[in-house]
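Scroll down for the structure; my scribbles are underneath it.
Labels below follow one simple rule: chain letters A, B, ... track the order of the sequence lines, proteins then strands, and each chain is numbered from 1.
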Number of protein chains: 2
Amino acid sequence: MRAGGESGSTIQSVDRALTVLRLLARHGELGVTEIAAKLKVHKSTAFRLVTTLELHDLVEQHSERGKYRLGVGVLQLAGATTAKLDLVQRAKPVSQRLAEVVGETVNITVLSGHEALYVDQVAGSAALQLHNWVGQRIPLHATSNGKVLLASLSEVRFDELTSGTLKRFTDKTITDRAELRAQVDEVRQRGYAVAIDELEIGLTAIAAPISSADGTVVGSISASGPGFRITPDHVPDVAARVVAAGREVSRRLGWHGH
Amino acid sequence: MRAGGESGSTIQSVDRALTVLRLLARHGELGVTEIAAKLKVHKSTAFRLVTTLELHDLVEQHSERGKYRLGVGVLQLAGATTAKLDLVQRAKPVSQRLAEVVGETVNITVLSGHEALYVDQVAGSAALQLHNWVGQRIPLHATSNGKVLLASLSEVRFDELTSGTLKRFTDKTITDRAELRAQVDEVRQRGYAVAIDELEIGLTAIAAPISSADGTVVGSISASGPGFRITPDHVPDVAARVVAAGREVSRRLGWHGH
DNA sequence: CCATGTGTTGCGTAATACCCAACCCCGTTC
DNA sequence: GAACGGGGTTGGGTATTACGCAACACATGG
């Protein structure tokens with residue numbers, strides 16, 4: 001029987017192994033039997049998968065003959081990826097301080113394809129349940145970060161990246177292109193973007209741009225938290241701090257603007 | 001023919017796929033043909049491997065029909081791993097500041113099995129060629145970090161972890177157990193450890209312990225750089241700063257000692 | 001002590017992933 | 001501008017490879 005694969009050419013066992021990694025990322029710790037159940041394969045198959053992953057330090061088991069979790073090999077790989085994007089490295093201390101002062105979760109995003117890509121996150125002191133966004137992509141039109149990134153684009157690029165239909169997430173999501181363009185213009189004047197309930201009900205976010213040495217916007221920094229904490233009254237104050245943080249990161253990247 | 005596998009049970013294709021990840025971590029960017037050559041497999045095999053990896057966002061190719069590099073999925077996985085070790089999160093700002101002040105590379109290690117495991121690194125401003133140690137394991141007896149970790153152990157644990165022969169790296173490496181024990185005692189009294197040319201000729205490192213809320217040592221922080229910059233004269237000064245940083249991190253972990 | 005739960009290991013089979021070759025697509029060369 | 005070369009990509013047949021099965025070692029607890 002030919003591999004009833006998804007898209008023509010994918011290796012079954014590798015696909016399963018990588019799924020194991022994602023499962024472990026999601027659940028923290030899993031046993032061979034649990035993994036087998038989730039993958040719908042035999043125990044022995046699951047075992048051989050994790051054994052191979054273990055050989056590369058991507059997973060490790062808690063105390064010989066125990067459950068499995070993600071291993072340090074992952075950190076090695078991550079180190080190699082972030083080495084190139086020194087944006088994360090340089091922004092880290094600034095993000096930390098911002099998260100400390102504001103008490104909310106701080107994120108850094110960059111433009112990747114047609115979406116905003118989260119490349120770093122620092123949990124705020126007040127964060128209850130922290131969802132890790134790092135590595136995830138979010139539509140540009142529904143987030144404060146996205147609007148900041150859009151504000152940095154030329155007219156034509158803006159049109160390109162907003163060409164599709166603007167997906168609705170909540171009833172506050174901006175789905176009209178003219179409305180979006182107006183908001184983005186405002187962001188450009190004001191220097192920061194706000195999104196309230198636009199991606200998720202109850203979530204308020206404020207973002208500001210990060211510029212590189214030559215003045216082009218390379219990313220955005222944001223603080224976000226529940227609407228009952230970041231009330232409309234607080235927005236200007238938080239925005240000022242986020243903008244200052246964005247400026248600080250820009251300065252660390254060699255930017256010398258005003 | 002039965003699989004002439006290494007250690008009983010390992011899946012060939014998965015093993016190759018993970019090797020691809022490590023290759024990409026090492027070389028940054030590689031094409032299908034290059035990967036095939038390094039793996040000693042056919043082009044098409046290499047292609048199917050990277051395609052499967054791409055499906056999980058672990059690799060991505062630069063501009064359709066181009067070379068491959070590590071992808072954002074790696075960051076997602078890494079986020080899940082470091083979420084548990086909040087040591088890294090809390091230590092980050094302190095490490096950054098220390099690296100800034102001292103100008104040398106700062107590392108954080110924890111005890112993992114019989115070795116020291118590097119869990120974080122901040123490159124110093126003066127760092128020329130930065131090798132990323134994160135995720136790597138280094139023998140306890142040959143590094144300043146290792147000696148700090150050893151100093152926190154009970155007599156029996158110390159004996160366990162130094163039971164094997166102490167591998168020699170340079171002619172300064174401590175290979176005598178009695179000598180090691182003496183040095184570790186000194187570390188315990190003095191509050192910091194020094195290693196000069198012990199792991200690598202020309203490399204000087206200074207480490208101090210990090211304690212958790214209950215007072216047990218959970219890791220170590222170190223500054224390291226070339227011996228011509230960190231001369232014996234500088235050691236006490238740098239050591240004081242490293243110790244202070246270790247205390248600061250400990251405080252952030254809830255430690256309330258003197 | 002047996003019952004039941006882990007993680008682990010040998011073995012035969014056939015499904016699977018490999019190699020091969022041809023393909024497309026882009027740059028260069030002549 | 002046809003021919004070449006070098007990238008990445010795509011079908012197909014074969015036997016290598018990885019799968020499922022079942023029995024194992026080891027822990028836990030009734």
C:dC25 versus C:dA21 - spacing of their P atoms, nearest Å: 23 Å
Between C:dG7 (C1') and A:Glu60 (CD): distance, integer Å: 17 Å
Listed nucleotide nearest any side-chain atom of A:Val32, set D:dG8, D:dT10, C:dG7: C:dG7
Check: B:Thr51/A:Ser9 side-chain N/O donor and acceptor closer than 3.5 Å: no
Heavy-atom side-chain proximity of B:Tyr118 to B:Thr143 below 4.5 angstrom: yes
Residues that A:Ala46 engages under side-chain contact (heavy atoms from CB on, under 4.5 Å), provided they are two or more places apart: A:Val32, A:Ile35, A:Ala36, A:Val41
Proximal nucleotide (of D:dG8, D:dA18, C:dA17) relative to the B:Gln12 side chain: D:dA18
B:Leu49 CG - D:dA18 P separation (whole Å): 11 Å
Those residues that, when tested against A:Arg188, pass salt bridge (Lys or Arg N to Asp or Glu O under 4.0 Å) (two or more places apart): A:Asp185
d(CZ, B:Phe47; P, C:dC19) in whole Å: 15 Å
Between C:dT6 (C1') and A:Tyr68 (OH): distance, integer Å: 11 Å
N-O pairing of A:Asp159 and A:Arg181 below 4.0 Å: yes
Whole-Å distance separating the CG atom of A:Leu30 from the C1' atom of C:dT6: 14 Å
Candidate nucleotides D:dC19, D:dG7, C:dT8, ranked by approach to the side chain of B:Thr33 - the nearest: D:dG7
Spacing of B:Gln61 atom CD relative to D:dG8 atom P, expressed in whole Å: 9 Å
Candidates C:dT9, D:dC19, D:dT9 - which lies nearest the side chain of A:Ser13: D:dC19
Partner of A:Lys67 by side chain to side chain donor-acceptor pair (under 3.5 Å), out of A:Glu29, A:His27, A:Glu34: A:Glu34
Nearest-angstrom distance from the residue atom CG of B:Leu39 to C1' of C:dA17: 14 Å
Nearest-angstrom distance from the residue atom NZ of A:Lys67 to C1' of C:dT8: 17 Å
Listed nucleotide nearest any side-chain atom of A:Ile11, set C:dT8, C:dC18, C:dT16: C:dC18
Main-chain N/O of B:Thr162 paired with B:Arg177 side-chain donor or acceptor, under 3.5 Å: yes
Sugar-phosphate or base contact per nucleotide [nucleotides 20-27 of chain D; S, B, -; heavy atom under 4.0 Å]: BBB--B--
